[in-house]
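Just so it is clear: chains get the letters A, B, ... in the order the sequence lines come, proteins before strands, and each one is counted from 1.
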Protein chains: 2
Amino acid sequence: MSASKATGEPTIDDVAAAAGVSIRTVSRVLNKSPKVNENTRRSIEAVIAQLNFRPSRGARALAMRRSLLIGLVHNDQNALVLDTIQRGIAGVASRSGYELVVHSCPAEDSGVIEDLVAFAERSRVDGLVVLPPVSGVPGLAQALNRIPVMAVALSSIPLSGFADVVVSEERQAGSDVARYLLELGHRSIGMVNGPVGVASAQERRAGFVGAVASEPNASLIEAAGDYSFEYGVLAAEQLLAATPRPTAIFAANDIMAAGVLKVAARLRIAVPEELSIVGFDGSALTRMLTPALTSVLRPFGAMAATAAETLIARIEGKDLPPAGSHPLELVPAESTGPAPV
Amino acid sequence: MSASKATGEPTIDDVAAAAGVSIRTVSRVLNKSPKVNENTRRSIEAVIAQLNFRPSRGARALAMRRSLLIGLVHNDQNALVLDTIQRGIAGVASRSGYELVVHSCPAEDSGVIEDLVAFAERSRVDGLVVLPPVSGVPGLAQALNRIPVMAVALSSIPLSGFADVVVSEERQAGSDVARYLLELGHRSIGMVNGPVGVASAQERRAGFVGAVASEPNASLIEAAGDYSFEYGVLAAEQLLAATPRPTAIFAANDIMAAGVLKVAARLRIAVPEELSIVGFDGSALTRMLTPALTSVLRPFGAMAATAAETLIARIEGKDLPPAGSHPLELVPAESTGPAPV
DNA sequence: TACGCCATTGCCAGCGCTGGCACAAGTCGA
DNA sequence: TCGACTTGTGCCAGCGCTGGCAATGGCGTA
């Protein structure tokens, strides 16, 4: 009954004793139950603050049959925005009493599902947030059907089998980029695509391709990509060897755009005078490159927060309107300019 | 007694029943206790595999009076290497039954300690790994004295008050960079320093400054920095306005080096013909810049793994020899060359 | 005045696991 | 052959918390 039986930490019993109520009432306060008298609540809260009491996560998890943990799964393709995303999720999660457990996927495709399932079972998280390109792995949703899973930044194409995805307006953004380049006078345009399995990349592409096609004089060449810098380099070498050489290239993420920029420098093609380059993500990288990269800003923090909110609602069995879509914003910088005459 | 009382998950009781032993013996197998007969162990492991049983983290934590959670604290200065570090920690942790909980610190200095203490109490992690520059916050070690804390990438200077730090050979690396630049013929040299509170940055600086000073004809100008890109830009503007203008600049991390590169481009100073630039960290950024950045590769994954191993040993009360130091490697790339004549 | 109802609060029984013993069985030297 | 060990296993008692009731007290209403 007295203070801190084993660990030295105060327990709910200590709080109850000090406040002169039963532990059940303290528990109600902790869980924000409405069935507690306002005065009682206040006095208990005062005792909690005074004792610096924190409920034991383990005991709570055991009694509630939940772990109060949310998992985040990603791989290093997201390195540049990982912090933003983690912050977005952790903020929402901690407000609801959850903590964020992260797991990096192996880089290779093979074994991703096994690895993820093992992680989910081992860590006993209550729900999972998955970032692309991991979320594009076929069969993932099925393999993880024991717990709620949210995918961030997938498009509205229900390709992936996930019940819940946080969407952003990829198609619109793709067509925005195309129109921007067309208005600058570009007619010979290249595109470095994102991974085939990632739906958002496909929507982005669809928006871009559609808008370019609407201009009769414009031609488009595409190259495959997987979001990696190396692939950006490869794709750029391919595109810049084409005849006629593109005067503008849209890369599906900033990292591949950096690869394009790198190749342009090596080939002594002036950016933006001879070649305009547009990236995607609006990551910190855009500022660091020379010239600074024109890119499409994706609100990763907000998207992650939305994902976390929806996920927690699902875990707790609440109904929440489906997450609305997030707008994307084209941010012009130094890497784009009028088409050369 | 029968299967899966509440959550549908198999419990240790199910395993014990199926294997025809008591739950205590199953528990011993789970905890790798040596006091189990080899045959018994094998048959229990078979049942565990067959039932796909995973011990409940909550129950385990409650009974062991530990959360089996390790916290990682960082802020976005580490964005580029965050994934590597998380992977390094998570790998070691999961092998020992721990999971990694991450927390991003607020960017502003004020309130970092309060935020961290709140996180540590709320999440009930068993131990914490702290990355710089967060680890350089004065008073942090004292505030977190309830749980073991490891700091990664601090130097051997016991400035910070942490009992355990994973060190790397910062001083040596600093002097390596200096000698490298001196051998290339540079005599007018600039340095963009790291944050004042971060001991590793100070050691690095000491090694660099000392080695430059050993060359009688060499002169050094320094500028303050805080690891951010913006500060790299500011520092570069300052250094490149000096007379005589430095022919080489060493930045305390890659991100600030990117800022220097940016300013050089803006001022139309050719790199490396007129100005050599050396970064620090060996992050992915080095490849993405043009010219590719000469940098010092820090083995973040290995350092993180060492930190995790030592931390877990401390949590479990084991004795472990203090973490050895990690060597750093200068990796020449395109941003450095002979001093202009 | 008696009854039913609502707002609060307390009691009991676990959640699934591990620590500390006690105990059964086998081993060995005297 | 017997006690003294060693090895392997089982039993009991929680760890700190929450869920489902039952219990309490105050009040309006018939």
Requested in this report: Grab the CG-C1' distance between Asp13(A) and dC15(D) for me, whole Å please.
Outcome: 11 Å
Report summary line: Taken to the nearest whole Å, CD/Glu38(B) to P/dG8(D) is 9 Å
Query raised in the report: Considering the options Arg124(B), Arg122(B), His103(B), which one meets the side-chain hydrogen bond (donor to acceptor under 3.5 Å, both in side chains) requirement together with Glu99(A)?
Result: Arg122(B)
**Report entry** Donor + acceptor pair across side chains of Asn39(B), Arg41(B) (<3.5 Å)
**Finding:** no
Report task. Check if the side chain of Arg24(B) and the base of dG8(D) share a donor-acceptor pair of N or O atoms closer than 3.5 Å. Result -> no
Query raised in the report: Does a side-chain heavy-atom distance below 4.5 Å link Asn75(B) with Arg87(A)?
Result: yes
Report summary line: Winner on side-chain proximity to Lys35(B), out of dT9(D), dT18(C), dT8(C), is dT9(D)
Query - Nearest-nucleotide pick for Thr40(A), side chain only, options being dC17(C), dT9(C), dG10(C) - result: dT9(C)
Query raised in the report: What is the distance from CD of Glu316(B) to P of dT18(C), rounded to the nearest Å?
Result: 13 Å
Report summary line: CZ (Arg314(B)) and CD1 (Ile147(B)) are apart, to the nearest 0.5 Å, by 10.0 Å
Report task. Please report, rounded to the nearest Å, how far the P atom of dG19(D) is from the CD1 atom of Ile12(A). Result -> 11 Å
Requested in this report: Could you tell me whether the side chain of Arg28(A) has a donor or acceptor atom within less than 3.5 Å of a complementary atom in the base of dG10(C)?
Outcome: yes
Query raised in the report: Atom CZ of Arg65(B) and atom P of dA13(D): how far apart are they, to the nearest Å?
Result: 16 Å
Query raised in the report: Is there a residue in residues 42-63 of chain A whose heavy atoms reach under 4.0 Å of DNA chain C, and which residues are they?
Result: Leu62(A), Ala63(A)
Query raised in the report: Is Val26(B) touching bases, backbone alone, or none of the nucleic acid, heavy atoms closer than 4.0 Å?
Result: nothing
Query raised in the report: Arg41(A) has an atom CZ; how far is it from atom C1' of dT8(C), in whole Å?
Result: 12 Å
Query raised in the report: Is Ser27(B) near enough to dT18(C) that one of its side-chain N or O atoms lies under 4.0 angstrom from OP1 or OP2?
Result: yes
Requested in this report: Measure from CG on Leu30(B) to C1' on dG19(C) and round the result to the nearest Å.
Outcome: 15 Å
Query raised in the report: Looking at Thr25(B), does any N or O in its side chain come under 4.0 Å of the phosphate oxygens OP1/OP2 on dG10(D)?
Result: yes
Query - Leu128(A) vs Val73(A) side-chain heavy atoms within contact, under 4.5 Å - result: yes
Report task. Taking Thr310(B) for its side chain and Thr306(B) for its backbone only, find out whether a donor-acceptor pair lies under 3.5 Å. Result -> yes
**Report entry** Basic-acidic side-chain contact under 4.0 Å: Arg146(A), Glu9(B)
**Finding:** yes
Query - Spacing between Ile23(B) atom CD1 and dT9(D) atom C1', to the nearest angstrom - result: 12 Å
Query raised in the report: Between Asn31(A) and dT18(D), is there a side-chain N or O to OP1/OP2 distance below 4.0 Å?
Result: yes
